[in-house]
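This report concerns only the one structure given below.
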Amino acid sequence: MPELPEVETIVRDLRPHLSGRRLEAVRSLNPLVLRHPEPERFVAGVTGAEVRSVGRRGKFIRIGLESAELLVVHLGMSGTLTLEEPDVQVRPHTHLRLELAGGGELRFRDPRRFGRVLLGSEEELEAGGLLPRLGPEPLGAGFSSWVPPETVQSSLRTLKAVLLDQSVVAGCGNIYADEACFLARVRPTRRAAGLRPREWQRVVIALTVVLREAIRRRGTSFSDYRDGFGARGEAYESLMVYGRAGLPCVRCGSRLRGTRIAGRMTVYCARCQR
DNA sequence: AACGAGTCCTGATCGC
DNA sequence: TGCGATCAGGACTCGT
């Protein structure tokens with residue numbers, strides 16, 4: 001599932017190929033994935049526009065157009081955004097195809113259709129409540145000294161639930177929340193309010209470490225994720241806890257426990273994480 | 001207000 | 001072998 005490292009990898013892959021290029025035509029569009037605006041306006045707004053920037057905020061891909069509008073893509077659970085040669089066969093569940101001037105095609109594919117596409121100015125999208133408010137970027141400057149807000153420090157929620165809350169920290173999903181908790185040696189089932197300052201500090205540092213390492217490995221290909229060119233990432237092999245319930249802890253060898261927090265599969269080591 | 005639960009959706013996997 | 005049931009989960013909506 002695409003989280004911050006996967007989205008960042010895609011953005012880095014696409015940026016040099018999209019920047020300065022013109023979006024010639026919308027070759028196909030499934031209205032079901034288009035959250036805003038109406039299809040007619042979307043096509044009119046995209047057609048002929050030059051790409052000025054390719055960026056990311058949390059798990060949102062933001063493609064800036066010369067019109068100052070943003071083409072925003074969220075990959076949901078199973079989404080991919082790839083650059084393809086036009087003659088490469090279009091796979092099922094491809095919901096958006098943007099033809100690039102000078103060859104190539106940007107394709108958004110998403111079998112489970114949890115992803116979505118939006119177009120509009122930042123102000124327009126925010127005013128319409130189409131972009132959720134997001135917490136700080138874990139890889140942004142100064143995050144290593146980040147202290148969770150009072151609302152979190154007094155929250156009855158679990159640490160895991162807090163890490164998954166995009167309004168608290170942007171970009172963390174189920175995989176890296178578990179990985180960060182393991183590296184920080186803090187149990188994800190703990191109440192957020194109960195964490196001591198030094199434990200918070202460990203979690204914060206651990207989160208940046210696991211995210212950076214995953215980016216270095218070009219993302220985790222668990223099932224659907226692919227980079228900007230359709231290739232798999234190799235971070236899956238280096239996961240310490242996610243998907244490893246019942247298997248030995250890489251640190252102490254005891255059996256990793258699997259449980260469910262906030263509806264999400266959660267894996268931790270009861271011996272290493274307190 | 002804040003939090004849990006339900007919802008959407010398809011493909012992989014499992015058991016009979 | 002084949003088919004139905006189950007599971008996975010990001011972010012949104014809806015109750016409590």
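Below, all heavy atoms of this structure are taken into account, side chains as well, without hydrogens, waters or symmetry copies. Order of the sequence lines sets the chain letters (A, B, ...), proteins ahead of strands, with each chain counted from 1.
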Review point. Does a side-chain N or O from H93(A) land closer than 4.0 Å to OP1 or OP2 of dG11(B), or not?
Key: yes
Review point. Any cation-pi pair here, R251(A) with F182(A), using under 6.0 Å and within 45°?
Key: yes
Check your understanding: When the distance from CG of L164(A) to P of dC3(B) is rounded to whole Å, what number comes out?
Key -> 14 Å
Point to revise | ring centroid sep under 5.5 Å plus plane angle under 30, F114(A) with dG10(C) | key: yes
Practice item. Figure out the CE/P separation between M77(A) and dA12(B), and round it to whole Å. Key: 13 Å
**Study point:** Spacing of D165(A) atom CG relative to dA1(B) atom P, expressed in whole Å
**Key:** 16 Å
Review point. Do F108(A) and L75(A) have side-chain heavy atoms sitting under 4.5 Å apart?
Key: yes
**Study point:** Length of the line joining Y176(A):OH and dG9(C):C1', which is rounded to integer Å
**Key:** 15 Å
**Study point:** I175(A) CD1 to dG9(C) P, straight-line distance once rounded to whole Å
**Key:** 9 Å
**Study point:** First of R113(A) and L156(A) reached from the 5' end of DNA chain B, by closest nucleotide
**Key:** L156(A)
**Study point:** Salt-bridge present (R218(A), D13(A); N to O < 4.0 Å)
**Key:** yes
Practice item. Look at R116(A) and dC12(C) and indicate whether a side-chain polar atom (N or O) is within less than 4.0 Å of OP1 or OP2. Key: yes
**Study point:** Residue-phosphate contact under 4.0 Å: Q166(A) side-chain N/O, dG10(C) OP1/OP2
**Key:** no
Practice item. Could you tell me whether the phosphate oxygens of dA2(B), OP1 or OP2, come under 4.0 Å of any side-chain nitrogen or oxygen in S155(A)? Key: no
Practice item. Would you tell me if any nitrogen or oxygen in the side chain of R264(A) comes within less than 4.0 Å of OP1 or OP2 on dG9(C)? Key: no
Exercise for review: Take atom CZ of R260(A) and atom P of dC3(B), then tell me their distance rounded to the nearest Å.
Suggested key: 20 Å
**Study point:** Salt-bridge present (R97(A), E84(A); N to O < 4.0 Å)
**Key:** no
Check your understanding: CZ of R91(A) versus P of dT10(B): gap in Å, rounded?
Key -> 16 Å
Study note, to complete from the structure: Of E6(A), E3(A), E213(A), the one forming a side-chain hydrogen bond (donor to acceptor under 3.5 Å, both in side chains) with Y176(A) is E6(A)
Exercise for review: Send over the distance from R112(A) CZ to dA11(C) P, rounded to a whole Å.
Suggested key: 14 Å
